[in-house]
Peer 1: 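Got a structure for you, questions after.
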Number of protein chains: 2
Amino acid sequence: MTDAPMTIREMCAAFDVTPRTLRFYETKELLTPERVGQRRLYGKRDRARLTLILRGKRFGLSLEDIRQLLDLYARDSVNEAQMRRACELGRARLAQMQAQRAELDEAIAELTTELAWGEGQLARLARAAE
Amino acid sequence: MTDAPMTIREMCAAFDVTPRTLRFYETKELLTPERVGQRRLYGKRDRARLTLILRGKRFGLSLEDIRQLLDLYARDSVNEAQMRRACELGRARLAQMQAQRAELDEAIAELTTELAWGEGQLARLARAAE
DNA sequence: AGGCTGGTTGACGTGCACGTCAAGGAAACG
DNA sequence: CGTTTCCTTGACGTGCACGTCAACCAGCCT
């Protein structure tokens, strides 16, 4: 069952993070696992959120940035003002991501060029060594 | 002349960073401005490097990561082993960037979907309010 | 000479994202 | 029953990327 709740250890293994990290995210209200007695149980929702959190981090977003974005995905924004705000934030972030994508493309192109030059040099050195 | 050296203030204005940042990058050997007396003068090379540094940061790279990459762009790697190492690093980073690009595309698609849903909800609320 | 502006080197402080113990609870095992 | 194992909550420590402040030149202006 992919929707069976997971213990903290299973989460750590599945997502390659430490228990400390998961508890830390909880204090920052990024995750809200159920409790059985004192122990945490992470359900489908929290696993989806953690996926988004880790991806956000790879893009260089701060945890606070991510928290704001998660509100948009939460789709439980009760009142309209809150939802309007989440949408605005989402649009801004989307624009930013598209800009980042353009930059990333440029960086990839440049690095490819440099790499071709570098490997050309290596090839030249190899020939000269004979 | 676009290749005229710039003072630290001009650099700060041009790249929107603080003097502290530029001096900090220098201690980390990311920048190596000339000196006129005690004052720093940033030439074409350092400006190009700073552009790459700031872009790297937007991708979530650490300054140490960036320093390694800059070595590849430096193209003054004197010995072969060093250059071979730089190329390997570059290839690894390139693969990582391409993976990040794929992830970014996915994130953009998801966010677009969520946003459409959110704005649809807002529109529905607006109609219901009439 | 005095003062202002702008730059310089330390040294220490700060916010973020955790890491690393310490002390204790609860459940499971022999 | 005790012990082991896993989890819990603080509390303090750490590395990175700077911010902030102090004290000190070096020109330039008047």
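A quick note: this is a predicted structure, and the numbers were derived from the prediction, not measured. Order of the sequence lines sets the chain letters (A, B, ...), proteins ahead of strands, with each chain counted from 1.
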Peer 1: Please give the remaining members of the hydrophobic cluster of B/Leu89, linking ILVMFWY side chains under 4.5 Å, ordered by chain and number.
Peer 2: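 Its cluster partners, ordered by chain and number, are none at all.
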
Peer 1: Between B/Tyr25 and D/dA17, is there a contact of a side-chain N or O with OP1 or OP2 at under 4.0 Å?
Peer 2: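 B/Tyr25 to D/dA17 OP1/OP2: no side-chain N or O under 4.0 Å.
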
Peer 1: What is the distance, rounded to the nearest whole Å, between atom CD1 of A/Ile66 and atom C1' of C/dC18?
Peer 2: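 From A/Ile66 CD1 to C/dC18 C1': 14 Å.
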
Peer 1: Kindly say if B/Thr7 contacts the phosphate of C/dG6, meaning a side-chain N or O under 4.0 Å from OP1 or OP2.
Peer 2: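 No, no such contact exists.
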
Peer 1: Please output the side-chain donor-acceptor pairs of residues 29-36 of chain B that fall under 3.5 Å, not counting sequence neighbours, one pair per line with the distance.
Peer 2:
residue: B/Arg35; atom: NH1; partner: B/Gln38; partner atom: O; Å: 2.9
residue: B/Arg35; atom: NH2; partner: B/Glu26; partner atom: OE2; Å: 3.1

Peer 1: In whole angstrom, what separates A/Glu10's CD from D/dC6's C1'?
Peer 2: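 Between C1' of D/dC6 and CD of A/Glu10: 13 Å.
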
Peer 1: Do we see a donor-acceptor contact under 3.5 Å between the side chains of B/Gln68 and B/Glu64?
Peer 2: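 Distance-only check passes for B/Gln68 and B/Glu64.
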
Peer 1: Taking CE from B/Met6 and C1' from C/dG7, how many angstroms apart are they, rounded to a whole number?
Peer 2: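 After rounding, the reported distance stands at 16 Å.
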
Peer 1: Hey, is the side chain of A/Thr18 poking within less than 4.0 Å of OP1 or OP2 on C/dC18, counting only N and O atoms?
Peer 2: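 A/Thr18 to C/dC18 OP1/OP2: no side-chain N or O under 4.0 Å.
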
Peer 1: Please state whether the base of D/dT20 and the side chain of B/Arg20 form at least one donor-acceptor pair under 3.5 Å?
Peer 2: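 Such a pair is found, so the answer is yes.
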
Peer 1: Please state how far atom CG in B/Leu22 lies from atom C1' in D/dG19, giving the value in whole angstrom units.
Peer 2: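 Going from B/Leu22 (CG) to D/dG19 (C1'), I get 14 Å.
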
Peer 1: Where is the tightest heavy-atom contact between B/Cys12 and B/Thr18, given as atom of each residue plus distance?
Peer 2: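 Smallest heavy-atom distance, with atoms named: SG-C, 3.5 Å.
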
Peer 1: Expressed as a whole number of angstroms, how long is the span from A/Arg23:CZ to C/dG19:C1'?
Peer 2: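 So the two atoms are 12 Å apart, to the nearest Å.
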
Peer 1: From the list D/dC7, C/dA17, C/dT8, which nucleotide is the closest neighbour of the side chain of A/Phe24?
Peer 2: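 It is C/dA17.
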
Peer 1: Atom CG of A/Leu61 and atom P of C/dC16: how far apart are they, to the nearest Å?
Peer 2: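 Rounded to the whole Å, the gap is 15 Å.
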
Peer 1: List in numerical order all residues of residues 28-41 of chain B for which some heavy atom is under 4.0 Å away from an atom belonging to DNA chain C.
Peer 2: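 B/Arg35, B/Gln38, B/Arg39, B/Arg40 - these, ordered by number, are the residues of the stretch whose heavy atoms sit under 4.0 Å from the strand.
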
Peer 1: Considering only C/dT9, C/dA11, D/dA17, which nucleotide approaches the side chain of B/Lys57 most closely?
Peer 2: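 Selected nucleotide: D/dA17.
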
Peer 1: C/dT9, D/dC7, C/dC18: which one has an atom nearest the side-chain heavy atoms of A/Ile8?
Peer 2: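 The closest nucleotide is D/dC7.
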
Peer 1: Who are the side-chain hydrogen bond (donor to acceptor under 3.5 Å, both in side chains) partners of B/Thr112, not counting sequence neighbours?
Peer 2: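 With neighbours one apart ignored, the set is empty.
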
Peer 1: Please list every donor-acceptor pair under 3.5 Å in which a side-chain atom of residues 50-58 of chain A meets a protein atom from a residue at least two apart or in another chain.
Peer 2:
residue: A/Thr51; atom: OG1; partner: A/Arg47; partner atom: O; Å: 3.0
residue: A/Arg55; atom: NH2; partner: B/Glu110; partner atom: OE1; Å: 3.0
residue: A/Arg55; atom: NH2; partner: B/Glu110; partner atom: OE2; Å: 3.4
residue: A/Arg58; atom: NE; partner: B/Glu103; partner atom: OE1; Å: 3.0
residue: A/Arg58; atom: NE; partner: B/Glu103; partner atom: OE2; Å: 3.0
residue: A/Arg58; atom: NH2; partner: B/Glu103; partner atom: OE2; Å: 2.4

Peer 1: Could you work out, with side-chain hydrogen bond (donor to acceptor under 3.5 Å, both in side chains) as the rule, every residue matching B/Arg101, not counting sequence neighbours?
Peer 2: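 Once residues adjacent in sequence are excluded, the partners of B/Arg101 under the side-chain hydrogen bond (donor to acceptor under 3.5 Å, both in side chains) criterion are A/Asp105.
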
Peer 1: Just how far, in rounded Å, is C1' of C/dG7 from OH of B/Tyr42?
Peer 2: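 It works out to 11 Å between those atoms.
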
Peer 1: Tell me whether the OP1 or OP2 atom of D/dG19 has a side-chain N or O from B/Thr21 closer than 4.0 Å.
Peer 2: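 True: B/Thr21 side-chain N/O within range (under 4.0 Å) of D/dG19 OP1/OP2.
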
Peer 1: A/Asp65 has an atom CG; how far is it from atom C1' of C/dC16, in whole Å?
Peer 2: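 Computing the A/Asp65:CG to C/dC16:C1' distance gives 12 Å.
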
